[in-house]
Amino acid sequence: MSRTTSDAAARPVVSRALAQVTSALSSGGLLFAGTFLGALLGYAFFVVLGRSMTPDDLGAVGSLINLSTILTVPGLGLQLVTARGVASQSAPAHGRSGGPVDGGLLVGALLVGGVPALLLAVTAPLVAPLLHLPSVAPLVVLALSAVPMTVAFAALGVLQGAERFAALGLSALLVGVAKIASAVAASALGQGVLGVIGWYAVGWVVVAVVAGALAVRGAGRGGAGEDDAGPDGSMTAPSRWAAGIARARAGLVGSMPTAGLLVLSSLDLILARHHLTRDGSGVYTMGALFEKVAFWGPQFIATIYYPRMARPAERAAAVRAAVGMTAAVGVLGVLVAAVAGDLLTSFVGGRAYVGELGHQAWVFTALGVALALVQVLVYADLADHRHGVGALVWVAVAITVGAVALWHGSVAAVVGTVLVCVLGLLLVAGTVVARRA
């Protein structure tokens with residue numbers, strides 16, 4: 001009788017556990033699918049342009065797109081700070097929980113997005129010659145895209161912190177769709193560098209609108225106290241601006257650890273554009289596709305485990321799991337690139353690139369994997385309200401710039417030098433995180 005009673009009591013517990021595991025796997029699978037397909041579509045962007053643009057123009061677009069990645073730095077900081085706050089204040093519900101969404105978040109996103117937009121617009125006359133651009137117009141258009149980028153990242157922070165991974169995966173997929181659509185539109189219309197960047201900016205507006213709608217749907221409205229609320233319970237204009245300024249300040253401070261990572265992950269293409277010949281930078285841009293897929297492909301792993309890293313009781317296990325899974329996926333990618341480098345290069349860039357890139361595909365892939373592992377360590381540090389790993393990344397940025405200035409005689413020299421610098425960073429940062437875990 002007691003055994004029957006015990007079994008009956010255990011069944012609901014087991015059922016709930018199985019339901020949570022199934023829900024987690026389902027959400028994680030959707031996030032992986034959305035993130036990975038979005039990354040593939042995003043880098044198919046260069047495949048499309050590689051068949052319709054000259055190596056010179058392709059190199060220019062490559063440097064601008066990687067510059068746009070740097071523009072996302074404040075937005076990503078706002079996303080992670082928002083996600084950390086939502087995750088630490090609510091229990092995980094595997095996609096069914098909501099997070100606070102109020103006017104202050106939108107105001108904060110607009111303010112944070114305006115910082116890189118203004119900075120790039122003001123410095124465009126100085127940046128254009130460094131990237132060998134004929135005019136500042138592509139840089140100005142790219143600067144305008146920083147605002148919708150940041151709004152989109154703020155919305156993603158709500159989804160990530162609430163562990164609404166299905167919606168987060170859909171948003172990641174949409175980013176890739178918008179990116180490749182810009183390449184198709186510009187190629188079909190016979191447009192050059194400016195046309196590509198113009199459509200790219202339009203794509204970010206679409207992403208911001210959709211991600212914002214997903215964040216608001218199913219999310220609670222919060223952040224306003226009784227004294228800050230209007231007659232209908234919404235935030236008053238002064239309180240909205242005050243909350244927005246506070247969010248912007250937190251986002252900018254939180255962006256510093258991730259800033260170095262995104263600069264480092266985009267730096268090689270910009271350095272290649274500066275140091276190599278124009279055709280050489282085009283070849284490097286094509287090779288960097290392997291790096292970017294290896295870097296962004298496993299991003300879903302760090303994204304899934306970040307909310308758990310923000311909760312002290314789950315932090316150590318989450319860091320170990322994220323590092324282990326990212327490394328496993330990365331090793332597999334390097335092996336595939338080493339065995340099938342010529343075939344993959346021919347598929348991605350055409351046979352013209354096989355001779356110079358085929359045997360180096362695994363090197364670019366290894367660089368992407370090393371960056372993905374650094375990303376996990378940066379997230380782990382930020383989730384614990386620390387910035388030590390972020391400081392190490394900035395040191396690595398400076399070292400990389402100096403090293404490539406000394407060794408840049410070929411595509412192989414540039415990618416090899418950057419890889420050595422990133423592996424050194426990975427060793428030091430891994431030691432720091434391991435001692436704190």
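Just so you know, these numbers come straight off a predicted model, no measurement behind them.
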Between E163 and R311, is there a salt bridge with N-O shorter than 4.0 Å? yes

Would you say that E314 contacts Y305 through its side chain, given a criterion of any heavy-atom pair below 4.5 Å between the two side chains? no

A side-chain contact here means heavy atoms from C-beta on lying under 4.5 Å apart; do V339 and L335 qualify? no

Is there any salt bridge (Lys or Arg N to Asp or Glu O under 4.0 Å) pair reaching into residues 55-76, and which pairs are they, with sequence neighbours excluded? D56-R273, D56-R278

Using the side-chain contact (heavy atoms from CB on, under 4.5 Å) criterion, which residues pair with A259? Sequence neighbours excluded. V73, W394

Counting N and O atoms only, with roles assigned by atom type, does the side chain of K179 sit under 3.5 Å from a partner on the main chain of G38, one being a donor and the other an acceptor? no

For the residue pair L269 and G62, what are the closest heavy atoms and their distance? CD1-O, 4.3 Å

With distance as the sole test, does T326 use its side chain to make a donor-acceptor pair with the main-chain N or O of A322 at under 3.5 Å? yes

State, with a plain yes or no, whether a side-chain heavy atom of L377 is found less than 4.5 Å away from one of V393. no

Can you label the angle between the Y306 ring and the Y379 ring as parallel, tilted or perpendicular, going by 30° and 60°? perpendicular

Would you confirm whether H408, through its side chain, and A405, through its main-chain N or O, come within 3.5 Å as a donor-acceptor pair? yes

Reported NE2-to-CH2 distance for the pair H275 and W407, which is rounded to 0.5 angstrom: 12.5 Å

With a 3.5 Å distance limit and no angle check, can you tell me whether T72 reaches the backbone of T69 through a side-chain donor-acceptor pair? yes

Any F295 side-chain heavy atom under 4.5 Å of Q375 side chain: yes

Any idea which heavy atoms bring Q160 and A83 closest together, and the distance? OE1-CB, 3.9 Å

Of all heavy-atom pairs linking A380 and R315, the shortest is O-NH1, 2.6 Å

Using a 3.5 Å cut-off and no angle test, enumerate the donor-acceptor pairs between side-chain atoms of residues 138-152 and protein atoms at least two apart in sequence or in another chain.
residue: S145; atom: OG; partner: L142; partner atom: O; Å: 2.5
residue: T150; atom: OG1; partner: A146; partner atom: O; Å: 2.8

Taken in chain and number order and not counting sequence neighbours, the residues that satisfy side-chain contact (heavy atoms from CB on, under 4.5 Å) with L41 are L173, V177, I180

Sidechain-backbone polar pair: S187 side chain, V184 backbone, donor-acceptor under 3.5 Å: no

Quick check: closest heavy atoms across G192 and M53, and the distance to 0.1 Å? C-CE, 4.1 Å

Go through F364 and Y284 one step at a time and tell me if the ring pair (Phe, Tyr, Trp, His ring centres under 6.0 Å) criterion holds. CA-CA 10 Å; F364 280 97; Y284 194 100; 5.1 Å; yes

A side-chain contact here means heavy atoms from C-beta on lying under 4.5 Å apart; do M309 and V319 qualify? yes

Quick one: does V112's side chain get under 4.5 Å of F153's, heavy atoms only? no

Answer whether the closest heavy-atom distance between the side chains of F290 and L367 falls below 4.5 Å. no

Just to verify, which of T258, V378, T303 counts as forming a side-chain contact (heavy atoms from CB on, under 4.5 Å) with L80? T258

Decide yes or no on side chain to side chain contact (heavy atoms under 4.5 Å, CB included) for L120 and L67, but give the supporting numbers first. CA-CA 10 Å; L120 180 57; L67 188 58; 4.0 Å; yes

Is the shortest side-chain heavy-atom distance between V397 and L267 below 4.5 Å? yes

Who are the side-chain contact (heavy atoms from CB on, under 4.5 Å) partners of R386, not counting sequence neighbours? D381, D384, R436

Can you tell me which residue among L156, L31, V210, T35 is in a side-chain contact (heavy atoms from CB on, under 4.5 Å) with S171? L156

Hey, is the main chain of V158 close enough, under 3.5 Å, to the side chain of R164 for a donor-acceptor pair? no

Non-hydrogen atoms of A109 and A154 that approach each other most closely: CB-CB, 3.9 Å

Give the table of side-chain donor-acceptor pairs shorter than 3.5 Å for residues 415-432, with sequence neighbours excluded, one pair per line with atom names and distance.
residue: T417; atom: OG1; partner: A413; partner atom: O; Å: 2.7
residue: T431; atom: OG1; partner: L427; partner atom: O; Å: 2.9

Determine whether a donor-acceptor pair (N or O, by modelled atom type, separation under 3.5 Å) exists between the side chain of H274 and the backbone of I270. no

